[in-house]
**Q** 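Take this structure, written in structure tokens, and hold onto it; I'll ask about it next.
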Amino acid sequence: MGCASSRPKRYSVKGKCKSKSKRKSLIPEVAVFVPALRVPLPVDLIHALRGLVSRDVLDKLSTLRGRLIQLSAEDDLLNVSRISQIRQALEEYLPVLLGLTNKEKGLDALVQFKWKNLEDDEEFSVACAWYEVLSVVHAMAMLSLLEANSMLLPRETSDGSERKVSEDSKKDVVDLLIKASGCLEYCVHHILVQIPIQVRKNLPSNLQQGTLEAICIQTLGQGVEMQLGLASESDKATLSVKRRLACELVAYFSQAHYILSGCDTSDSYGKKLLSLIKWKFLEAKAAAYYYHGLVVDKGNEPSCHISAVCCLCTADDLLNESKRVCLSFCLATPVTRVPAPWGVMKHLHKKIPDVAYKRSQMYAYLFEQDKNATLQSLPDLPEFQLSLRPEPYELPNADHLWESEDCGPQIQSLKDHLEDEDEHES
């Protein structure tokens, strides 16, 4: 009739894969980076909460979490319809779960919640309801990134040609990215602070504050990358608009790299994320110097043309370096395919070397006239206020079933007690 006879241990980690071989990713190709996916594992809710909450609450909590485990265990997690099913299961489970976080009820440290990373099978469990909330909201963010990546990956059509991603789909991807960023921002500022400091220190690296902040900013950066891609395909977008977006992109990835550099990136996904941010930073800087060079070249002074050539040649160098880093990223564990250029880079992979060569030839006489022109320093990129912000996220209210819960010891009939024992043993 009372609570569980023994209090669960605070946290545990086990099952980390230590294979030396290159492990393939569950996500074969990356357009939008998805950090390691985490899925829930079975936990003993009945033994921990029996006699402390009503049968209705316990049944609903067990059923919804069981449904979530069942959906997450399927092999086709990359299927968009399955992503929607898991997202719905998370949204239905969260309000019931939140009742456990109420400090007045004293239930927040009774259940040893357990999740694992799909990529390396590392399990982490802790007796903290806020850890479960963190895992659920983090999973919502990862599902948005997973869906965004799935929408951008090229697929073969019936006639064998490459499927093109529509403009509306690209705008939907931007919405998914800022939604994911909003969930991650909420995790940092409103959920992590609820978790005891000692537990927080021992959380998996991908749930640590710095990593969540870096992924949040990197996700916004990929949203701006999508916007820049749309601008590059639009006849209405001016050079100034494209330059502004490219410069914003540099700022986002620079900030993400700065934050992540102060985090523990010793695990495979930390190294891969750091490599991705470096690759995207180099691409962004190449695009920014390319568009800045074209804008500067509109000036009438010889110094403008010399500066433009410096920008364009730097863009070419950065582009070549980004290709090398992209290859390193793909070969880093877990291995992913080298993606074909897409978005703005599909356009710039050809334009940057062509324009840099032609402008260098066109203005070669200026460098011959002014021998000091070759010593001219590279102009700084202009700075702009960052325009993309996370979509605000708020936790839902606790399920109405908790309104009548007093969470004191409850008398249980012999029949219910025996049924609980049968469920526990099965």
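In what follows, every heavy atom counts, from backbone to side chain, and hydrogens, waters and symmetry copies are set aside.
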**Q** Just do the side-chain contact (heavy atoms from CB on, under 4.5 Å) check on L327 and L331 with the steps written out, would you?
**A** CA-CA 6 Å; L327 182 59; L331 292 176; 4.1 Å; yes
**Q** Answer yes or no: is there a donor N or O on one side and an acceptor on the other, between the side chain of N202 and the main chain of Q198, under 3.5 Å?
**A** yes
**Q** For E91, look at atom CD and say whether over 12 heavy atoms of other residues, nucleotides or ligands are found less than 6.0 Å away.
**A** yes
**Q** Mark yes or no for whether T101, through its side chain, and L98, through its backbone, hold a donor-acceptor pair below 3.5 Å.
**A** yes
**Q** Heavy-atom count around F384 CZ within 6.0 Å, excluding the residue itself: above 12?
**A**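 Atom CZ in F384 is crowded, with more than 12 foreign heavy atoms closer than 6.0 Å.
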**Q** So, using salt bridge (Lys or Arg N to Asp or Glu O under 4.0 Å) as the criterion, who are the partners of D264 when residues are at least two apart?
**A**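 Testing D264 for salt bridge (Lys or Arg N to Asp or Glu O under 4.0 Å), a comparison that skips the adjacent residues, returns none.
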**Q** According to the ring-ring contact (aromatic ring centres under 6.0 Å, His included) rule, which pairs have a member within residues 219-265, sequence neighbours left out?
**A**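 Every candidate ring-ring contact (aromatic ring centres under 6.0 Å, His included) pair involving residues 219-265 fails, so no pair, neighbours aside, qualifies.
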**Q** Determine whether the side chains of E132 and Y93 contain a donor N or O and an acceptor N or O closer than 3.5 Å.
**A**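 Judged by distance alone, the side chains do pair up.
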**Q** Where do P396 and L94 come nearest, in terms of heavy atoms and distance?
**A** CD-CD2, 3.6 Å
**Q** Does the R38 side chain pair with the main chain of M142, one donor and one acceptor, at a distance under 3.5 Å?
**A**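 Not at all, since once roles are kept as given, no pair shorter than 3.5 Å links the two residues.
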**Q** Would you say the side-chain atoms of S81 and S84 include a donor-acceptor pair closer than 3.5 Å?
**A**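 Absent: no donor and acceptor within the cut-off.
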**Q** Is it true that atom NZ of K323 has more than 12 heavy atoms of other residues, nucleotides or ligands lying nearer than 6.0 Å?
**A** yes
**Q** Does Y131 offer a backbone N or O that forms a donor-acceptor pair with the side chain of S135 under 3.5 Å?
**A** yes
**Q** How many angstroms lie between atom OG of S234 and atom CD of E167, to the nearest 0.5 angstrom?
**A**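 Answer rounded to 0.5 Å: 7.5 Å.
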**Q** If you look at every heavy atom in M151 and S169, which pair is closest and at what distance?
**A** CE-O, 3.7 Å
**Q** Where do D399 and K60 come nearest, in terms of heavy atoms and distance?
**A**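 Smallest interatomic distance, heavy atoms only, reads OD2-NZ, 2.8 Å.
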**Q** Considering only NZ, NE, NH1 and NH2 on the basic side and carboxylate oxygens on the acidic side, decide whether E248 and R244 come within less than 4.0 Å.
**A**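 Salt bridge present between E248 and R244.
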**Q** Is the positively charged end of K272 above the ring of F329, judged by distance under 6.0 angstrom from the centroid and angle within 45° of the axis?
**A** yes
**Q** Any sub-3.5 Å donor-acceptor pair from Q208's side-chain atoms to R200's backbone N or O?
**A**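 Checked: pair present.
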**Q** Check whether any side-chain heavy atom of L152 sits under 4.5 Å from a side-chain heavy atom of V32, and report yes or no.
**A** yes
**Q** Closest heavy-atom contact between L220 and R389?
**A**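 Result for this residue pair: CD2-C, 3.8 Å.
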**Q** Assess whether side-chain contact (heavy atoms from CB on, under 4.5 Å) is satisfied between L319 and M345, documenting all intermediate values.
**A** CA-CA 9 Å; L319 180 63; M345 297 315 297; 3.5 Å; yes
**Q** Just by modelled atom types, is the R324 backbone N or O under 3.5 Å from a matching donor or acceptor in the S328 side chain?
**A** yes
**Q** For the pair K358 and D354, find out whether any cationic side-chain nitrogen is under 4.0 Å from an anionic carboxylate oxygen.
**A**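 Answer for the salt bridge query: no.
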**Q** State the NZ-CG distance between K103 and D108, to the nearest 0.5 angstrom.
**A** 7.5 Å
**Q** Measure from the side-chain N and O atoms of S181 to the backbone N and O of I178, and report whether any donor-acceptor pair falls under 3.5 Å.
**A**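 Checking the backbone N and O of I178 against the side chain of S181, no donor-acceptor pair under 3.5 Å is found.
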**Q** Return a table of donor-acceptor pairs under 3.5 angstrom between the side chains of residues 286-294 and protein atoms on other chains or two or more places apart.
**A**
from : atom 1 : to   : atom 2 : distance (Å)
Y289 : OH     : P379 : O      : 3.4
H292 : ND1    : R243 : NH1    : 3.0

**Q** Between R87 and E147, does a salt bridge (charged side-chain N to carboxylate O under 4.0 Å, His left out) hold up when you go through it step by step?
**A** CA-CA 11 Å; R87 181 185 289 115; E147 184 176 355; 2.8 Å; yes
**Q** Backbone N or O of K271 within a donor-acceptor pair of the S275 side chain at under 3.5 Å?
**A**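 Side chain of S275 to backbone of K271, a donor-acceptor pair under 3.5 Å: no, none is there.
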**Q** Indicate yes or no for a side-chain donor-acceptor contact from D44 to the backbone of H47 under 3.5 Å, with no hydrogens or angles considered.
**A**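 Present.
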**Q** With rounding to the nearest 0.5 angstrom, report the CZ to CG distance, F124 to L41.
**A** 13.0 Å
**Q** Could you give me the CA-CA distance, side-chain angles and deciding distance for L381 and K285, then say whether side-chain contact (heavy atoms from CB on, under 4.5 Å) is met?
**A** CA-CA 9 Å; L381 291 171; K285 207 166 185 180; 4.3 Å; yes
**Q** When the side chains of residues 224-231 are checked against the rest of the protein, which donor-acceptor pairs come out under 3.5 Å, sequence neighbours left out?
**A**
from : atom 1 : to   : atom 2 : distance (Å)
E225 : OE1    : Q222 : NE2    : 3.4
E225 : OE2    : K280 : NZ     : 2.9

**Q** Return the minimal non-hydrogen interatomic distance between P40 and L68, and the atom names on each side.
**A** CG-CG, 3.8 Å
**Q** What residues form a ring-ring contact (aromatic ring centres under 6.0 Å, His included) with W130, not counting sequence neighbours?
**A**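 Result, ring-ring contact (aromatic ring centres under 6.0 Å, His included) vs W130: none returned.
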**Q** Give, for atom SG of C187 and atom CG of L134, the distance between the pair rounded to the nearest 0.5 Å.
**A** 5.0 Å
**Q** Let me see the working for L100 and W402 under side-chain contact (heavy atoms from CB on, under 4.5 Å), right down to the final yes or no.
**A** CA-CA 9 Å; L100 295 178; W402 287 101; 3.7 Å; yes
**Q** To the closest 0.5 Å, what do you measure between CG (L37) and CG (L143)?
**A** 7.5 Å
**Q** Out of curiosity, L145 CG to L176 CG, how far, rounded to the nearest 0.5 Å?
**A**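 Between atom CG of L145 and atom CG of L176 there are 8.5 Å.
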**Q** Using ring-ring contact (aromatic ring centres under 6.0 Å, His included) as the criterion, list what pairs up with Y393, not counting sequence neighbours.
**A** Y186
**Q** Under 3.5 Å, is there a donor-acceptor pair between the side chain of W115 and the main chain of E123?
**A**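 No; judged by distance alone, with no hydrogens or angles, the pair does not exist.
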**Q** Please report the closest heavy-atom contact between K179 and S144, naming both atoms and the distance.
**A** CD-OG, 4.1 Å
